[in-house]
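One structure is given here, and the rest of the page talks about it.
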Amino acid sequence: MTVPILPTAELHLHIEGTLEPELAFALAARNGVRLRAADVAELRRAYAFSDLESFLDLYYELTAVLRQPRDFTDLAEAYLTRAAAQGVRHAEVFVDPQAHLSRGVPLEAVFEGLAAAFVGAEERHGISVRLIACFLRDRDPAEAEALLPRLLPYRDLVIGVGLDSAEVGRPPELFEQVFARAADEGLHRVAHAGEEGPPEYVRSALDRLGVERVDHGIRSLEDPSLTARLREEQIALTVCPLSNVALRAVPELGAHPLRRMLDAGLLATVNSDDPAYFGGYLHDNMTAVTRALGLTREERLRLAANSFRASFLPEADKQRHLAALEAVQAG
Ligand code: ADE
Ligand code: ZN
């Protein structure tokens with residue numbers, strides 16, 4: 001059974017995680033960067049992970065091929081082409097500025113390169129795009145605080161801040177100050193929490209960072225009172241099923257908590273996280289969970305509607321996308 005593609009918003013996608021092995025080698029050749037793997041096949045074989053950290057080691061290593069603005073443009077264009085074919089109509093894309101600054105790549109190269117692809121993406125690909133700049137939680141919070149004002153000149157594109165990288169031992173409250181400043185600037189706030197870390201990290205992201213959405217949040221279900229709060233407040237969770245299996249946060253797709261999240265009335269969405277590494281883009285995730293968890297058409301429509309509701313789009317745009325989904329439902 002093929003699963004029909006639905007118009008959807010992608011709310012959890014790291015642009016660096018869309019680097020396919022073929023593009024990694026093309027950019028390595030362009031920039032004279034030597035990769036450890038000899039060829040695409042060998043690189044693909046390295047895409048087998050035991051946990052989040054083992055993945056992040058390769059993810060950061062491969063950022064070495066991204067050096068000039070046009071590298072970021074090519075990366076973003078490749079993502080847009082794939083996403084458009086999978087029903088994505090709006091994307092709130094994560095970028096990790098510190099992963100590039102720490103290698104000597106200027107912030108301007110990152111944002112100018114991404115802007116060349118993302119500004120005008122609606123006309124060229126039918127996808128509106130905004131960026132969320134993530135702070136790396138395994139680096140000094142002072143670095144995040146220094147970065148925040150440098151993001152402000154890019155506010156046309158950058159609508160919010162996030163928190164990602166290795167989670168365990170790096171609780172959200174370490175970043176309370178920079179998130180408070182981001183709030184003062186009127187930026188949206190999200191954070192990865194409860195991917196590998198405990199439910200307390202989800203509480204801390206909500207209470208100490210004031211996040212409007214939780215990225216992953218799958219371990220929230222271990223705590224019934226947190227689960228009740230997420231339901232009552234309808235706090236969105238950006239769930240990434242293929243990622244969770246690839247990084248062994250979940251043993252197999254058939255055991256994925258998305259089924260229980262939906263049954264518990266949570267505002268869950270399906271997303272692709274780092275699709276080049278985890279075996280698929282947005283609709284590939286939707287197809288895989290549909291098969292593994294027996295999602296109904298109504299549940300898929302609910303997930304797609306949740307994605308627009310949970311987005312940071314202006315209300316009128318949300319309503320336009322929801323109306324398009326209803327037209328699909330009626331058809
Ligand atoms: N950076 C890229 N992907 C990530 C993930 N799934 N969790 C935390 N940090 C990330
Ligand atoms: Zn992520």
Side-chain angles (χ1 to χ4, degrees), residues 9-20 24 46-64 66 72 75-76 79 83 91-103 110 114 131-139 143-144 160-172 174-175 188-198 201-202 204-205 209 211 213-220 236-250 256-258 268-282 285 307 310:
E10 171 118 84
L11 305 177
H12 187 156
L13 179 280
H14 302 262
I15 194 62
E16 297 88 348
T18 67
L19 181 61
E20 294 285 343
Y47 286 19
F49 310 109
S50 52
D51 57 13
L52 174 58
E53 211 149 341
S54 68
F55 153 69
L56 288 171
D57 288 345
L58 183 66
Y59 169 92
Y60 291 126
E61 181 183 332
L62 288 184
T63 60
L66 298 164
F72 290 90
L75 181 68
Y79 165 67
E92 294 176 6
V93 172
F94 294 141
V95 59
D96 286 334
Q98 289 158 284
H100 310 299
L101 286 168
S102 62
R103 302 180 291 111
V110 178
L114 293 178
L131 288 176
I132 295 177
C134 290
F135 304 121
L136 301 187
R137 70 198 313 155
D138 47 0
R139 298 180 73 101
E143 206 177 281
V161 295
L163 186 66
D164 67 0
S165 206
E167 182 183 12
V168 174
R170 302 296 291 164
L174 294 171
F175 293 83
H188 289 292
R189 287 144 290 141
V190 301
H192 284 54
E195 178 184 18
E196 285 188 343
Y201 284 23
V202 177
S204 172
L209 304 187
V211 301
R213 282 199 304 248
V214 173
D215 297 313
H216 294 294
I218 53 173
R219 289 195 58 193
S220 305
L237 303 164
T238 63
V239 179
C240 307
L242 289 175
S243 163
N244 296 147
V245 173
L247 302 187
R248 306 195 194 182
V250 169
H256 196 283
L258 180 67
T269 62
V270 168
N271 305 272
S272 65
D273 206 5
D274 301 284
Y277 294 88
F278 302 147
Y281 288 75
L282 195 139
N285 273 269
S307 75

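Atoms within a ligand are numbered from 1 in the order they appear, just like the ligands themselves. The model shown is predicted, which means the values in this text are computed figures rather than measured ones.
No side-chain donor-acceptor contact under 3.5 Å links Ser272 and Asn285. Side-chain contact of Asp57 with Ser54: a donor-acceptor pair under 3.5 Å is absent, judged by distance alone.
Within the structure, the closest approach of Phe94 to ligand 1 does not fall below 4.0 Å when heavy atoms are considered.
Close contacts between ligand 1 and His216 involve ligand atoms 6 (N) [criterion: under 4.0 Å to a heavy atom]. Close approach of ligand 1 to Asp164 (heavy-atom distance below 4.0 Å) involves ligand atoms 1 (N), 9 (N). Each of the following atoms of ligand 1 lies closer than 4.0 Å to a heavy atom of Leu56: 1 (N), 10 (C). Close contacts of ligand 1 with Asp274, meaning ligand atoms under 4.0 Å from a residue heavy atom, involve 2 (C), 3 (N), 4 (C), 6 (N).
Under the ring-ring contact (aromatic ring centres under 6.0 Å, His included) criterion, Phe278 pairs with Phe55, sequence neighbours left out.
Judged by distance alone, the side chain of Thr269 and the main-chain N or O of Leu237 form a donor-acceptor pair under 3.5 Å. Looking at Glu196, its side chain does come within 3.5 Å of a backbone N or O of Leu52 through a donor-acceptor pair. Of the possible polar contacts, none joining the Arg137 side chain to the Pro171 backbone as a donor-acceptor pair under 3.5 Å is found. Side chain of Arg139 to backbone of Ala144: no donor-acceptor contact under 3.5 angstrom is found. In this structure a side-chain-to-backbone donor-acceptor pair under 3.5 Å is missing from Gln98 to Glu143.
At under 3.5 Å, not a single nitrogen or oxygen of His12, backbone or side chain, sits near a nitrogen or oxygen of ligand 1. At least one N or O atom of Glu195, backbone or side chain, sits closer than 3.5 Å to an N or O atom of ligand 1.
Between His192 and His12, the ring planes lie perpendicular to each other; the angle is over 60°, past the 30° to 60° tilted range.
Nearest protein neighbour of atom 6 (N) of ligand 1, counting heavy atoms only, is Asp273 OD2, 2.7 Å. Atom 4 (C) of ligand 1 has its closest protein heavy atom at His14 NE2, 3.6 Å. Among protein heavy atoms, the minimum distance from atom 9 (N) of ligand 1 is reached at Ser165 N, 2.8 Å.
Not less than 6.0 angstrom separates the ring centroid of Tyr201 from the ring centroid of His216.
Here the protein contributes His12 NE2, His14 NE2, His192 NE2, Asp273 OD1 as N, O or S atoms under 2.8 Å from the Zn ion (ligand 2).
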Exercise for review: Under the salt bridge (charged side-chain N to carboxylate O under 4.0 Å, His left out) rule, what do Glu92 and Arg213 come out as? Steps first, then yes or no, please.
Suggested key: CA-CA 12 Å; Glu92 294 176 6; Arg213 282 199 304 248; 2.9 Å; yes
